[in-house]
Amino acid sequence: MTEENGVGFGALLRQLRLEASLTIEALAEASGVSGRGIGDLERGRRATPQRGTVAALANGLNLREAERERLLAAARIGRNPRQSPADVRAFPRGIDDFVGREQELAQLTGLAGQAALGRSQVVAVSGPPGTGKTTLALHAARELADRFPDGQLVLDLRGMDDEPPLPAELMLRVLKAVGVADRDLAKAGSQGHPELYRQALSGRRCLIVLDNARDEAQVRPLLPSAGGAMVLITSRRMLTGLEDVERLPIGELSPSEAAVFLTGVIGKDRAGTDPDALSEVALRCAYLPLALRVAGNWLATHTGWTVRRLADRLALQERRLDTLAAGDVRVSAAFDLSYRQLTPDAARLFRFLALVDGPDASVAIGAQLTGQEYFDVEDTLEELVETGLLGSDRDRYRLHDLLKLYARGRLEAEDSEASAEAARGALHRWLLETAVVAGRWFEPDYGAPPATWQGTVDLSTADHARQWLRTESINWLAAFRSAAHEQDHAGVVELAEALHWFSDQWIFWGHWPEVSATAAASAQALGDPLLEATHLNLHAWALLICEGRHHASMERSAQALEAARRAGDLAQQAWAHSYTAWALSHLGEYSAAAPHNREAAELFEAAGDMHGTLHAMCSHADTLLRAGRHEESIAEHLRTLAFLDQAGDSIEPHSAAFNRTNVQTSIGQAQTRLQNWTKAADHLRIAVDLARASANPGLESRALIHLAEALHAGGHLEQARESYVQCVGLGESGNPEHVVTARERLAELDHG
């Protein structure tokens, strides 16, 4: 009998002695048991005594009948030989091919160490259906078995059943498994079982897996209050009502882990014949362990199938869930269990979330889909998160890819096509309307939303508008595409025009060429030459700046010029000349660019277009810079800064900040070429600060790369390294060309 096995009896003996106000010596005299023996029993240093010794101690303590039976029961629990309620070697199959979860296992190992110190540990493992919660718990139990010599027990709580077992039934099973005698169970009665349960676990170092818990009420009575036990709870629910538990949410595997998993199921030779197809199978399974297991089993049993054949079959979205079935194991069946427990409102919202085009959604999107009040939708979304059917990240909610397919299937089965189309249409209209209002924050003569606008998202500041446009970009782009498909030409043109000035805030998003080309086509369909010229010019800009297609850009600006002349609009004629000059400058044809720059400046002035005039000044100065006329370029840029100062509020604030940043960057470039390293760095640092202040990572990456190059050339290698690191840190938000260059320069510095 180990020391830990006597702790339950010893702790109770000490408690009863103190309640009787007896010292160890006094109890020894009253009971006839030696004082040293009593001390060893209380400290767990001695095996639990036989019945006669316990009776003598009970007489010495003058215990009432109930307390006497309690002490005798604690002694019997301690005397029972150590049992292993569930031998880990007999755990269910499916844990031998365990892959990944290193971080989670490390966390569980650390908590097991805490349990070894006598502090009970409870861990709630939660996650969507099919993520491998049970597999993780069983694998951990096997790995940690040696740390829990008093046994490992697995209880299936059958949380997805219509009538799962009650806590009292589960508690009784545990008590019997750890060796509590039937007569003690009967004597204590159901009311006394919780006390027996507490005593039984307080003296044992055991690990209990409570698998597939339904809710907090089912597991709360089964959690130990003291001792060295460890309890692993697995549940699709997050069990947020439980207190004093460690939480371990898990999701899908990584792509590399998924490939290793599949390889383990079908064998290295077969997996190695077509690694690309294997990666596609893993992708179509959305890296969900259950789906990967089903796909692997399918291939293992269909030996005539190539991995490519399964990958191609899984590529068909409408057949994917049907394909992910092997024997009596179906991925969709796992989803069914959670779906049928939802409230009607949650089930409806779950289905309608399949209509969202992007990877995630906001509360406001849910409100548009269902017509519910904002706070009601928020509660419903949280219900879906709690049940494991929806993931959340701050204020965004995401359906796992396979769950989205499942939701789409339920939508088709339970809702009419008309109701689904009405919900999708309402969502798209709201997205387009909100995008227009948000985009106009950056458009001259607009700014804040009108007082009459009643929106469900906060667009009270330009920063909020910028954040919304970026966060919801995939969703409003889908609405834009839908409007184009439905030939809503006016809606397409309105959105593209509203986002014209915002595009400078997010130049390298990647979809501006599509937006402007679509708008140009809609403008032509409307037969309005001014709209046509406007959006042809915007497409020329996108082709030039976003894709570097200089000749294609000049073709569009030539078409814009012709349309602007038909419309008699001087400003759009000026923009066409300006974009042409810009493209020629990029091609190194500086002499050819000059007359277009002059023509643009004159036309902008004649049209009274301050923003166009500012652009023409910047373009002319940049052409001089590209032509190697650095001092002239600096002079023109300084003249532009003076123009900005003089214009004041006549220039839209975001446009002013954008152009100031570009001017400071260009002056820094010119000073670098003149080898004035200190002056160059000063201007470029100003540019970096301006870009950050205006939340423009595209311009920030440009300023940082030129700052790093100036510092590098000036011999300030550590400062240059810092700027390169900052540029790389901008990631996809920065100019891809500059980010790649910064990464290459860092590698060169690392290699001397």
Exceeds 12 heavy-atom contacts within 6.0 angstrom, atom CD of Gln524
yes

Identify whether the distance between the nearest side-chain nitrogen and carboxylate oxygen of Arg598 and Glu602 falls below 4.0 Å.
no

Please check if any side-chain donor atom of Asp463 sits under 3.5 Å from a side-chain acceptor atom of Thr461, or the reverse.
no

Can you tell me if Asp645 has over 12 outside heavy atoms packed within less than 6.0 Å of its CG?
yes

Give a yes or no on whether Glu631 atom CD has more than 12 heavy-atom contacts from other residues, nucleotides or ligands under 6.0 Å away.
no

Looking at Arg721, Arg692, Glu700, which hits side chain to side chain donor-acceptor pair (under 3.5 Å) with Gln726?
Arg692

Are any non-hydrogen side-chain atoms of Tyr590 and Asn597 less than 4.5 angstrom apart?
no

I'd like to know if Lys404 pairs up with Asp401 as an ion pair, taking the criterion as any Lys NZ or Arg NE/NH1/NH2 lying under 4.0 Å from an Asp or Glu carboxylate oxygen.
no

Glu532/Arg566 ion pair, N-O < 4.0 Å
yes

Just wondering, are more than 12 heavy atoms of other shown residues or ligands nearer than 6.0 Å to CD in Gln646?
no

Using the salt bridge (Lys or Arg N to Asp or Glu O under 4.0 Å) criterion, which residues pair with Asp274? Sequence neighbours excluded.
Arg308

Salt bridge (Lys or Arg N to Asp or Glu O under 4.0 Å) filter on Arg424, not counting sequence neighbours, yields Glu421

Looking only at the aromatic ring of each residue, does the gap between the centers of Trp501 and Tyr446 stay below 6.0 angstrom?
no

Measure the acute angle between the ring planes of Trp575 and His615, then classify it against the limits of 30° and 60° as parallel, tilted or perpendicular.
tilted

Parallel, tilted or perpendicular: ring planes of His712 versus Tyr724, cut at 30 and 60 degrees
perpendicular

Could you tell me whether Arg396 and Glu472 have a side-chain N and a carboxylate O separated by less than 4.0 Å?
yes

Trp441/Trp453 aromatic ring centres below 6.0 Å:
no

